[in-house]
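First up is the structure itself, then whatever we jot down about it.
These figures come from a predicted structure and were not determined experimentally. Hydrogens, waters and symmetry mates play no part in the numbers below; they use all other heavy atoms, side chains included.
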Amino acid sequence: MLGKLAWRNIWRNKLRSLVVVISIGLGIWVLLFLLSFNQGMITNYIEDGINTQTSHLQIHNPKFKDDKELKYFIENPETISETLASDPTIDKFSTRILSSGMVATSKTGHGVNIMGIDVDAEKQITNLSKKLTAGDYFPEGKKNAILIGGKVAEKLGVKIKSKVVLTFQDVNQEITTAAFRVLGIYETNNAKFDETNVFVRKTDLARLTNLPETTVHEYAVLVKDIEAVESTTAKIQAAAPNQLVESYATLSPDLALFESQSQLSLYIMTTIFMLALVFGIINTMLMAVLERMKELGMLMAIGMNKTKIFFMIVLETLMLALIGGPIGILLAWITVGLTSENGIDLSAWGDGMKEFGIATTIHPALNLGSYLTVGFAIMLTAVLASIYPARKAVKLKPVDALRSI
Amino acid sequence: MANNIVIETKGLHKTYDESKVPVHAVRGVDIKITEGEFTAIVGPSGSGKSTLLNIIGGLDQPSEGSIIIDGQDLSKLKPNQLIDFRKNNIGFVFQSYNLIPVLTAKENVEFVMLLQNRNEKERSERTKELLDAVGLSDKYDVRPTELSGGQQQRVAVARALAPKPKFILADEPTANLDSTSTRNLLDIMARLNQEENITFVFSTHDQRVIERARRVISVEDGKVESDIIK
């Protein structure tokens with residue numbers, strides 16, 4: 001009966017109840033969509049960071065970290081390669097020779113990191129081969145091929161098949177110069193990365209730096225399950241105690257920072273929304289109580305105790321939230337479903353976003369947990385918001401309440 | 001019929017101290033009402049009759065004195081116990097009917113029995129019996145807004161009787177009714193009183209009610225001026 005009474009009570013003033021239901025629904029819709037947008041952005045950012053730059057984990061000679069000299073390569077890479085190949089948690093890995101130098105044309109030059117890659121293995125590890133805007137990904141038989149970023153190409157004024165000169169030190173610290181042909185121009189979602197990295201074949205770089213082809217400065221590793229990154233990192237580190245094994249969170253702390261900052265802003269946003277909702281509900285329910293004082297007095301007079309009155313008001317509030325909440329969640333689910341496939345194109349702000357390494361197309365995504373969390377938060381908010389009006393109701397004295405108009 | 005005392009007030013005083021000048025609404029009222037009475041408490045506006053009725057109904061506390069209902073001193077009860085006591089022992093009929101607008105006539109009558117945790121069969125039978133007794137057998141599923149004032153007050157009487165209370169307190173029950181409705185209502189209450197020995201206590205200044213009452217207690221300036229048994 002309490003449920004029936006509460007349900008009918010909320011429809012006494014249809015307009016007011018509908019306004020509350022709609023505001024709860026719209027609020028949840030907007031909140032969930034913002035959460036999904038944020039989540040999509042975080043996921044994009046982290047995935048881009050992993051797929052373009054860091055992979056899940058990397059292995060270096062510990063000295064290479066501080067002083068990127070060619071001589072600080074990884075000793076006994078065969079052992080590490082064997083360890084990685086035999087570890088069931090590891091998906092793929094590639095090896096790199098790293099150097100830094102200058103890429104130049106007759107007009108101008110530009111400082112870059114030179115990444116000597118195993119082109120086949122790299123294809124499995126990074127998305128470089130998919131990010132080409134012109135040219136091909138290291139065509140067969142072409143020696144001294146180089147992939148450069150779009151920004152670098154623009155700065156140097158080069159196109160596909162243009163010749164550029166790479167200048168760098170060899171392992172004996174002798175300056176070496178070599179001509180390379182631009183066979184591919186790439187563009188990732190991170191403008192900084194594109195400006196600072198060029199890719200050549202590992203064999204070419206080994207030859208020019210007088211290092212054996214088997215030299216490895218960097219292992220880039222992908223694990224099968226992203227949740228296992230930290231445990232795998234620790235395991236590899238234990239297996240290769242003389243090397244430095246680092247996960248993407250350590251290699252690129254901005255990824256972790258971005259994630260935590262975004263989470264923080266989500267919590268703030270959710271809290272602000274819930275606070276606004278609390279006051280909206282308090283206002284509505286207080287009005288509902290005050291205009292029913294005489295009736296509440298009568299209910300107490302004929303024998304409805306304070307606990308039942310209290311729960312009736314809480315139930316009325318909860319019912320409003322139970323109608324508005326699912327509407328908002330459903331709308332959000334539909335909107336996220338519609339936008340997640342093709343993404344939301346923000347290319348109008350693309351340049352600015354790429355400076356921060358954020359993709360210009362955001363694919364909103366929200367897991368079931370977020371829907372449930374917001375749903376639960378709404379119910380909790382409704383219950384909390386109903387406490388004040390409900391207390392107001394039970395504090396009424398029947399004799400005074402009955403006298404009220 | 002045995003003359004059980006249902007209501008007994010002893011040295012009842014009620015003073016309101018809310019304003020600078022205290023208002024003495026009730027000044028030493030000693031009355032006894034026995035089972036089966038059909039009693040009207042009469043008096044002009046401000047005489048203290050409503051205050052007296054509120055105290056008898058356990059809705060208000062006396063400043064002094066005690067009120068004993070069927071042997072229970074109401075001042076000894078805590079607020080929630082008092083609510084339970086009212087639920088099981090006192091039936092209320094209000095001047096402006098005060099039905100629950102979102103419930104039908106049947107549900108309004110059933111409501112107190114639900115609070116008493118009576119089973120469905122019992123509730124349903126009694127509701128039917130009471131609504132039939134007040135002449136509303138065709139209005140079970142009608143909400144109060146669709147009933148006339150007289151019909152609403154008859155539902156209120158049925159509701160007041162539903163929990164099988166010790167007595168019915170009716171505060172100016174005919175004040176908002178036309179003469180036909182008043183006559184109908186008084187007929188129903190008089191019949192219930194005579195046939196089922198239900199005790200009725202009214203506060204009223206309606207001459208039509210006073211004429212039908214078998215005992216008339218006149219209150220003026222918070223005191224009992226006269227107590228006439230016809």
Contact origin within A:L2 toward chain B - heavy atom pairs under 4.5 Å: neither
Is it true that, when you exclude B:K10 itself, more than 12 heavy atoms of the residues, nucleotides or ligands shown sit nearer than 6.0 Å to its NZ? no
Applying ring pair (Phe, Tyr, Trp, His ring centres under 6.0 Å) to A:F33 and not counting sequence neighbours gives none
With respect to chain B, which residue among A:K308, A:R12, A:E295 yields the maximal number of heavy-atom pairs within a distance under 4.5 Å? A:R12
With a 6.0 Å cut-off (strictly less than), is the heavy-atom count around OH of A:Y388, excluding the residue itself, greater than 12? no
Neighbours of chain A found in residues 100-136 of chain B - heavy atoms under 4.5 Å: B:I100, B:P101, B:V102, B:L103, B:T104, B:E107, B:F111, B:V112, B:L114, B:L115
Between A:G297, A:P398, A:A301, the one whose heavy-atom pairs under 4.5 Å with chain B are most numerous: A:A301
Scored by heavy-atom pairs under 4.5 Å with chain B, the best of A:M1, A:R292, A:K4, A:M298 is A:M298
So what's closer than 4.5 Å to chain B heavy atoms on A:K397: side chain, backbone, both or neither? neither
Residues in residues 142-161 of chain B that sit under 4.5 Å from chain A, counting heavy atoms only: B:R143, B:R159
Does atom NE2 of B:H205 have more than 12 heavy-atom neighbours from other groups under 6.0 Å away? no
Do other residues, nucleotides or ligands put more than 12 heavy atoms under 6.0 Å from the OH atom of B:Y140? yes
A:M304 side chain near B:I83 side chain, heavy-atom distance below 4.5 Å: no
Applying a criterion of heavy atom separation less than 4.5 Å, what residues of residues 87-99 of chain B form contacts with chain A? B:K87, B:F92, B:F94, B:S96, B:N98, B:L99
